[in-house]
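These notes concern the structure reproduced below.
Throughout, a chain's letter reflects where its sequence line sits, starting with A, and its residues are numbered from 1.
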Amino acid sequence: MTSSRDDQFIERYVECQSGLYRFIATLVPNRADAEELFQEASLTAWKIRDRFDCQREMSPWLCGIARNLVAAHYRKQKSLALTLDPDVVERLGQQQMEEDAVLRERARALNQCLEKLPDRQRDLVRHYYHSDQTIQSFSQAQGLSVEAVYKTMQRVRMALFECINQTLKRGELA
Amino acid sequence: MSHEPSSEHGVPPELAGLIEKFYLQALSEPENRRLNDLLRHDDKARSFLLAYGSIHARLAWEFGPTLAEKSLAQFSRVEDEAGSLRPHRSRQEESSFNWLAWLSQRRSSLVRLGWAFAVLALGLGVFLVPLLWPARTEPLAVITRCLGAQTADSRGAIRPGQRLGPGRLSLEAGTVELTIQNGARILLEGPATLELLTPLRAYLQAGQAVVHVPEAASGFVLETRDASVLDVGTEFGVKVGPDRGTEVQVYQGSVFTTPKLLGGHTNSPQRLLSGSAARINPDAVEPIQSLPFAPDRFVRQLPETKSGSTDNLPLSNQPRWDRIEIMQANQPVVVDGNLSEWDQQKMFRSQCDGAKDCGVEGAMMYDADYLYVGAHVADPAPMRNLIDPAMDGDSGWRGGGIQVRLSTDRNLGWPVDANAEIYYHGQPVKPRLQDQNEKLVHLTLWHHTPSQQDCLHVSYGMDFHGGQTNPNGYRAAFREDSDRRGYILEYAIPWALLKAQSDPPRAGDTLAATWTVHWSDDSGRCWRGQLVEIRNPSEPPRPNSWDRAASWGQAMYR
């Protein structure tokens, strides 16, 4: 493979990488695990890039790689309290591909909804996700109860979910 | 926006509750089994999880530590020395895996500490934060060599052997070599501010640096406000100037440069190969523009010292002169590198402390059309300056020369209350008109040896706007001493270039001026130190004069 083709591969990969991460993090709520899987998926894609047909969409190809890695990840989990069964991962992967267009629309609507997020909530969410901490240590560092942070995160996600629904329903997508 | 959970979207409360707990990682085993059952049999349940989960994922992507470069870093590890991309070999994979394991174990605490220190530093208004690291703890980096290293805070000396943790390192002048724990080396050339974040990531806020990354540390990312530069086992230089834009030059191997767009988003990366250079400006129509490759743009290696010492303190002096008398020229001044028509009695004389072979005799004159600058500089490595006026006119001083800063604004009087932005140490201040006054002029005078040009760089205001290199209208001459231990320079600079064409200073005026004389090493590229003269004695001692005009001495026009 020539360098220019590699460069082309990387360019297309960069366009798809947020979608790849979105897919993995949707199935794996633990951020550290999701990041490792994301990196592993990226590396796997790179190593087998010769098999990628440049005429085709890259997102489904990447998500196929990720689906296998996520299923393998859950098979290795010892705790049964936070696992998705391999067949469920498979079904979710299939459905994700079927609903890809809708999910992309929702992602665009989310851009607008994030802009509407009140500053205080936005700051808390930014700090939480940027901190790389568990919710327990983050709560402690912020001087808040774990319950309060749980509630806030839940409210923010639900508010964004409903905002996306409303944006799409009213046809307000910019 | 509504802030309360709702089931208006038709999702059964049980499912909504289970999915919320899933993302909070708070499911019990029975709940987890129930969620799997629902997802297995109900496509609406799966749709909801995909839609709701993508919000969690997006927030993590949007606000979390940047992942884009991390994934590209994986690619970099399969780069061979020649820069061609090949599949991984098993040994390299093992090395990559070890690195990942190492990073995943330590990354959280390193990032956390880095931010904590950065916030603390900002909160305290601390300008110099070379974070000394406890002896028993493995440091993020160690200072391995210094040349003329000078910090903004005269108390904060930098020495080889100092151990650094995550945090900010501000270098006023000189060059420092840091060795990161994974073997990567960074040569930081002052003035510069570098923030060490992790063993594989640093942020260059200002100034220039050369990064040398051994294969084992491949994947190092140097970020700036404009771009991220991902190493792929290589050596590259990065310069962040006062204007928007980051310049990258690759000496060996290759890098991926990614312009940063507004809102933290990134553009497609572009690969720069060995022997190429580019300017990255996300605001430009073409965010990545090619630049000519110039080998001497960056300091790639510190010179060997005669004593073998790793620590060369910068040349410096205690200022002796608080004023300079600027005499009216009684006869036409011939700019020929001969100071015989200059009044030797009116020259100020000074030398570096403990270095008799580094000193200056200087004077200024004026007439209706020109300001004249004449000096003899004692310099054991005279006229070797390699700083290319075509590329780095604002850095001409690095290779040896003289800087003169002066006010031509009678209304400002003396002392002049104006500061560069950096003087405020990042504290928010309202823009002040006097800080941008174009009659505060900065002149850099040097001889570019490769092209034999006698150069002038001029910029205006304490924001250094309007920079020009070798503008029309000035005349200059350099002459090396016959014993090769110094040189003479002579300049005639038209008042028009000093923004005083219509009302030049006249006899009786007392305005502001200061001189800085710079010395380089034998190579003409590495700054060794400086002498600052014509200082306001009422101002607290400070290593430099460029950031605070009140520190300039009196310029008395006779």
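- Taking chain B as the reference chain and counting heavy-atom pairs below 4.5 Å, the highest number among A/D87, A/I24, A/L103 is found for A/D87.
- With a 4.5 angstrom heavy-atom cutoff, A/E99 touches chain B only via side-chain atoms.
- A donor-acceptor pair shorter than 3.5 Å can be found between the side chains of A/N30 and B/Q25.
- For A/R67 and A/F23, the positive end is not near the middle of the six-membered ring at less than 6.0 Å and at most 45° from its axis.
- Exactly one residue among B/T258, B/T246, B/T257 makes a side chain to side chain donor-acceptor pair (under 3.5 Å) with B/D226. That residue is B/T246.
- Across A/T152, A/V28, A/D85, the residue that shares the most heavy-atom pairs under 4.5 angstrom with chain B is A/D85.
- Most heavy-atom pairs under 4.5 Å with chain A: of the set B/I55, B/L50, B/N36, this distinction falls to B/N36.
- Residues passing the side-chain contact (heavy atoms from CB on, under 4.5 Å) test with B/A278, sequence neighbours excluded: B/L272, B/I288.
- Residues satisfying the ring pair (Phe, Tyr, Trp, His ring centres under 6.0 Å) criterion with B/F22, sequence neighbours excluded, are absent altogether.
- Only the side chain of A/I164 comes within contact range of chain B, with at least one heavy atom under 4.5 Å from a heavy atom of that chain.
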